[in-house]
**Q** 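Please see the structure below; I have some questions.
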Protein chains: 2
Amino acid sequence: MYSVCVSTPERLIEATRELLWERGYVGTSPKAILQRAGAGQGSMYHHFNGKPDLALAAIRRTAEEMRATAEAVLGGPGSPYERVEAYLRRERDVLRGCPVGRLTMDPDVVVSDELRAPVDETLDWLRERLAGIVEEGQERGEFASALDGEEIAATIVATVQGGYVLARASGSTADFDMGIRGLLSLLAPRSPTGDSPTSTSTSTSA
Amino acid sequence: MYSVCVSTPERLIEATRELLWERGYVGTSPKAILQRAGAGQGSMYHHFNGKPDLALAAIRRTAEEMRATAEAVLGGPGSPYERVEAYLRRERDVLRGCPVGRLTMDPDVVVSDELRAPVDETLDWLRERLAGIVEEGQERGEFASALDGEEIAATIVATVQGGYVLARASGSTADFDMGIRGLLSLLAPRSPTGDSPTSTSTSTSA
DNA sequence: GTCTATAATAAGATAGAC
DNA sequence: GTCTATCTTATTATAGAC
């Protein structure tokens, strides 16, 4: 239920966003959306063309929001490594999973080019954004020059997405954090002599 | 539809396994299972206590199978790094996703301790198995001693699980492969002087 | 615009014939 | 053991009143 100062289409989109995050597309019924939005059937079919159309509006907004949240950190201050670390360590609703990434496990979303497009574009943008930062870090000598920026970026995004899987399997955020710490220790700037000078993980001994 | 030489409960379990992989728990109806198994309602409710009970049998078998598949590679020949690499590069139905990991995005599975248990135990086993191999590799000097085996193992599992997300988002296996190559380049054995001597990725220059 | 019928189809389970 | 009704509720959408 949302404040009465918000328009009905707005309430419908927000309710759909929440339910898509909690239960996915297949697990979300129009009825559940209407109940949460506090609206009747007629409102939904007046403003939208049905469940897929409403879901598309919700997915687009969620994708946009995720992009903005990531950009706030990735475009922030600090060295390339520090910005990647800030992205990886930023506060997350780990046990709820990624509201964008989870849609890739939804059969009806993956099968629809229209519903899948915002998901694909967002993850693709994130990968490219990270790749640029990694390459910038390589020029500064922060990351090993032998690495491939695009590949490392894919690894970073995958580790985050897979971290959600581990956390939701065990019901604990610890597994997510563990995977992130492992990745950060692998990414940690190394001096030319081989060992990591920067203590970025709990595992680095004195 | 399965061969007539297979028992009805067996056909029901196999049909459920397929549908759980394709559509998840929420997206799979008893009706769809019965049609694929070529059985009537009575058969299902005679052998199982309903959808959750049948799904549990299916999930347990899938989890067991995944464990055996992983062990076949992780317990195989080769150095620790080679076994990790073999695991990461092993043939996969990338676009279908992980039949075990995908269940963590199913709201009704995550909420049920019984249905979630096989998923949790399997991913936990995999993490522990990989952690042991990484630690073995550290003793041999194959992996940097500063790394934490448990953390690296979590990163490995997460990268695979997240790789499926990337691939399903774009509809292409290329993103999965890219993330895996990135991880392998980060894990690649380094000589004490700093650069990677073993060519494990397409990105390593001559 | 929003609401409440109404309706056709599907989900999930039970009963009882064979 | 397997099958086909039967049943209750939910899903998704339409129609038409207000």
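These figures come from a predicted structure and were not determined experimentally. Each chain gets a letter, A, B and so on, in the order its sequence line appears, and its residues count up from 1.
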**Q** CZ of B/Arg23 versus C1' of C/dA11: gap in Å, rounded?
**A** 13 Å

**Q** Got a salt bridge between B/Asp108 and A/Arg23, using NZ or NE/NH1/NH2 to carboxylate O under 4.0 Å?
**A** yes

**Q** Using a cut-off of 4.0 Å between protein heavy atoms and nucleotide atoms, how would you tag nucleotides 2-18 of chain D 5' to 3' with B, S and -?
**A** BBB------SSBB----

**Q** So, B/Arg83 and B/Glu136, do they make that salt bridge, N to O below 4.0 Å?
**A** yes

**Q** So with a 6.0 Å cut-off around CD of A/Glu114, is the heavy-atom count from everything else above 12?
**A** no

**Q** Got more than 12 heavy atoms from elsewhere within 6.0 Å of CD, A/Glu64?
**A** no

**Q** For A/Trp21, does the six-membered ring have the charged nitrogen or CZ of A/Arg96 within the cation-pi criterion, i.e. under 6.0 angstrom from the centroid and within 45° of the normal?
**A** yes

**Q** What is the distance, to the nearest angstrom, from the CZ atom on B/Phe48 to the P atom on C/dG12?
**A** 17 Å

**Q** Rounding to an integer number of Å, can you tell me how far B/Asp108 CG sits from C/dG12 C1'?
**A** 13 Å

**Q** Calculate the interatomic distance between B/Ile33 atom CD1 and C/dA10 atom P; express it in whole Å.
**A** 16 Å

**Q** Please examine the side chains of B/Glu14 and B/Val6, heavy atoms only from C-beta on, and report whether any two atoms are closer than 4.5 Å.
**A** no

